[in-house]
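Data first, discussion second: the structure below is written as structure tokens.
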Protein chains: 2
Amino acid sequence: MSLIFSRQCEYALQAVLYLALKSHNEMTSIKELTKRLDIPYHFLAKILQDLTRKGLLSSLKGPTGGFGLGMPAKDITLFHIVEAIDGVDFMHSCVMGFPECTGKNPCAVHEKWANLRDGVYTMLVSKNIAEMAKNMRKPEYQSA
Amino acid sequence: MSLIFSRQCEYALQAVLYLALKSHNEMTSIKELTKRLDIPYHFLAKILQDLTRKGLLSSLKGPTGGFGLGMPAKDITLFHIVEAIDGVDFMHSCVMGFPECTGKNPCAVHEKWANLRDGVYTMLVSKNIAEMAKNMRKPEYQSA
DNA sequence: GAATATTCAGATATTTTAGTCTTAATATAG
DNA sequence: CTATATTAAGACTAAAATATCTGAATATTC
Ligand code: FES
Ligand code: FES
């Protein structure tokens with residue numbers, strides 16, 4: 001199972017990228033998000049509330065309300081989202097589950113994993129979410 | 001949480017590598033394994049039984065009994081163990097959680113993830129567990 | 001054959017993650 | 001001011017992963 005990120009985190013990544021396509025100050029309802037991205041309504045609600053508390057998103061109640069980015073898209077990377085939801089333990093954990101992961105006392109695949117892990121980090125920080133969102137070729141993100 | 005492999009799978013990798021250090025036909029008790037590797041006794045028992053059913057290990061009851069490799073260490077890679085415990089869905093799943101992961105309709109990080117994923121595969125198959133076990137610099141594996 | 005050390009098997013318990021439901025708060029539109 | 005659409009919050013349920021317990025089977029040693 002697994003695959004690096006929790007389900008929550010996957011949903012968060014998908015949703016924030018969707019919001020990144022919208023113009024600043026435009027609010028998007030949970031309804032629109034869940035409809036487009038096929039995420040359970042109340043589950044997504046909780047995730048977005050969480051991200052709002054942490055400052056990555058902003059929210060507004062009432063009609064015309066919804067969620068939007070809490071700061072300029074330029075300043076947000078996928079890494080920020082992962083950090084907020086799952087945390088970044090994976091950046092310094094042994095892929096075989098040993099308690100320590102350092103050059104001292106490395107496991108059999110430490111070297112290779114350390115490289116791959118850096119690659120994952122690069123993948124998450126190399127572009128901001130505005131650029132990322134434009135690179136999405138998923139139909140869910142067309143004409144958002 | 002997470003980190004690619006489940007806890008079960010991590011334990012399996014650790015335990016099988018430990019067995020790979022032993023001479024062929026030598027049986028190792030769960031007790032020794034859990035003591036050395038700090039894994040819950042009954043949990044490891046179930047994992048090893050599972051691997052035995054799948055042919056990767058062999059077992060023997062009674063005093064002097066225990067577990068050993070079910071085939072030559074040369075023929076086993078870490079990938080076999082992952083395959084047996086977690087399965088290999090991660091090899092063709094989207095890291096952002098989208099339902100499809102192909103070149104058609106790729107997500108924003110598909111290219112990079114596909115490369116990293118291949119790297120993980122290479123990491124798991126590049127050496128057999130005999131070579132892997134020798135590369136372990138963990139104290140748990142010294143003078144096994 | 002009896003005592004013992006071990007795996008085997010399956011039931012049960014605990015914890016974590018995922019998902020649902022309900023009510024309150026709030027902003028807008030009329 | 002009232003009706004309505006929305007988020008906020010927290011309780012609740014469900015499912016999956018992790019861990020423990022107990023008794024049986026089996027091989028060894030004496
Ligand atoms: S010690 Fe295993 S990945 Fe670093
Ligand atoms: S589509 Fe996302 S990793 Fe392939």
Side-chain angles (χ1 to χ4, degrees), chain A residues 1-16 19 22 25-35 37-70 82 84-87 89-90 97, chain B residues 1-15 19 22 25-35 37-70 82 85-87 89-90 97:
Chain A
M1 306 295 111
S2 313
L3 199 72
I4 299 192
F5 306 131
S6 69
R7 195 82 142 233
Q8 266 197 60
C9 191
E10 291 175 350
Y11 289 158
L13 293 168
Q14 295 179 19
V16 175
L19 295 178
K22 299 297 186 87
N25 287 331
E26 184 182 354
M27 289 301 185
T28 307
S29 69
I30 301 176
K31 197 158 88 181
E32 178 179 342
L33 284 161
T34 58
K35 194 175 168 188
L37 300 172
D38 193 34
I39 299 175
Y41 186 96
H42 292 92
F43 197 25
L44 181 59
K46 285 181 64 169
I47 296 168
L48 297 185
Q49 283 159 25
D50 203 17
L51 291 173
T52 302
R53 262 182 248 110
K54 286 170 179 162
L56 270 76
L57 300 182
S58 68
S59 68
L60 198 64
K61 292 181 183 178
T64 76
F67 292 88
L69 298 181
V82 171
I85 302 290
D86 276 352
D89 281 0
F90 80 94
Chain B
M1 306 293 113
S2 313
L3 195 73
I4 299 193
F5 306 130
S6 70
R7 197 82 143 231
Q8 266 197 61
C9 192
E10 291 176 349
Y11 290 158
L13 293 168
Q14 294 180 20
L19 295 178
K22 300 297 187 86
N25 287 330
E26 184 182 354
M27 288 302 184
T28 306
S29 70
I30 301 176
K31 198 159 86 181
E32 178 180 341
L33 285 161
T34 59
K35 194 175 169 188
L37 301 172
D38 194 35
I39 300 174
Y41 187 95
H42 292 92
F43 197 25
L44 182 58
K46 285 181 65 168
I47 296 168
L48 297 185
Q49 282 159 26
D50 203 17
L51 291 174
T52 302
R53 261 181 248 109
K54 287 170 179 162
L56 271 76
L57 300 182
S58 67
S59 69
L60 197 64
K61 290 182 183 177
T64 76
F67 291 88
L69 298 180
V82 171
I85 302 289
D86 276 353
D89 281 359
F90 81 94

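Under the side-chain contact (heavy atoms from CB on, under 4.5 Å) criterion, B:Ser29 pairs with B:Lys31, B:Glu32, sequence neighbours left out. A:Thr28 is linked by a side-chain hydrogen bond (donor to acceptor under 3.5 Å, both in side chains) to A:Lys22, counting only residues two or more places apart in sequence or in another chain. In terms of the side-chain contact (heavy atoms from CB on, under 4.5 Å) criterion, residue partners of A:Pro40 (sequence neighbours excluded) are, by chain and number, A:Tyr11, A:Phe43. Judged as a ring-ring contact (aromatic ring centres under 6.0 Å, His included), and not counting sequence neighbours, A:Tyr41 has no contacts. When the ring-ring contact (aromatic ring centres under 6.0 Å, His included) test is applied to B:Phe67, no partner is found at least two apart in sequence or on another chain.
A heavy atom closer than 4.0 Å to some atom of DNA chain D occurs in B:Lys61, B:Gly62, B:Pro63, B:Thr64, these being the qualifying members of residues 61-68 of chain B. Across residues 47-60 of chain A, not one residue has a non-hydrogen atom less than 4.0 Å from an atom of DNA chain C.
Put simply, the side chain of A:Leu33 reaches to within 4.5 Å of the side chain of A:Leu19, judged on heavy atoms. Contact check for A:Leu56 versus A:Val16: no side-chain heavy atoms found under the 4.5 Å cut-off. At a threshold of 4.5 Å between non-hydrogen side-chain atoms, the residues B:Leu69 and B:Leu57 count as touching.
Across all their heavy atoms, A:Leu37 and A:Ala15 have their closest contact at CD1-CA, 3.8 Å.
Residue pairs meeting the side-chain hydrogen bond (donor to acceptor under 3.5 Å, both in side chains) criterion with at least one member in residues 42-58 of chain A, sequence neighbours excluded, are A:Asp50-A:Arg53.
Note: CD (B:Glu10) to P (D:dT18) measures 9 Å, nearest angstrom. Regarding B:Leu3, its CG atom lies at a distance of 17 Å from the C1' atom of C:dT17, rounded to whole Å. Nucleotide C:dT17 holds its C1' atom 17 Å from the CZ atom of A:Phe5, rounded to whole Å. Separating the CE atom of B:Met27 from the P atom of C:dT7 is a distance of 10 Å, rounded to the nearest angstrom. Atom CD of A:Glu32 and atom P of D:dT7 are 11 Å apart (whole Å).
Between the side chain of B:Asp86 and the main chain of B:Phe5, no donor-acceptor pair closer than 3.5 Å is present.
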N/O contacts under 3.5 Å, protein versus nucleotides 19-21 of chain D?
none

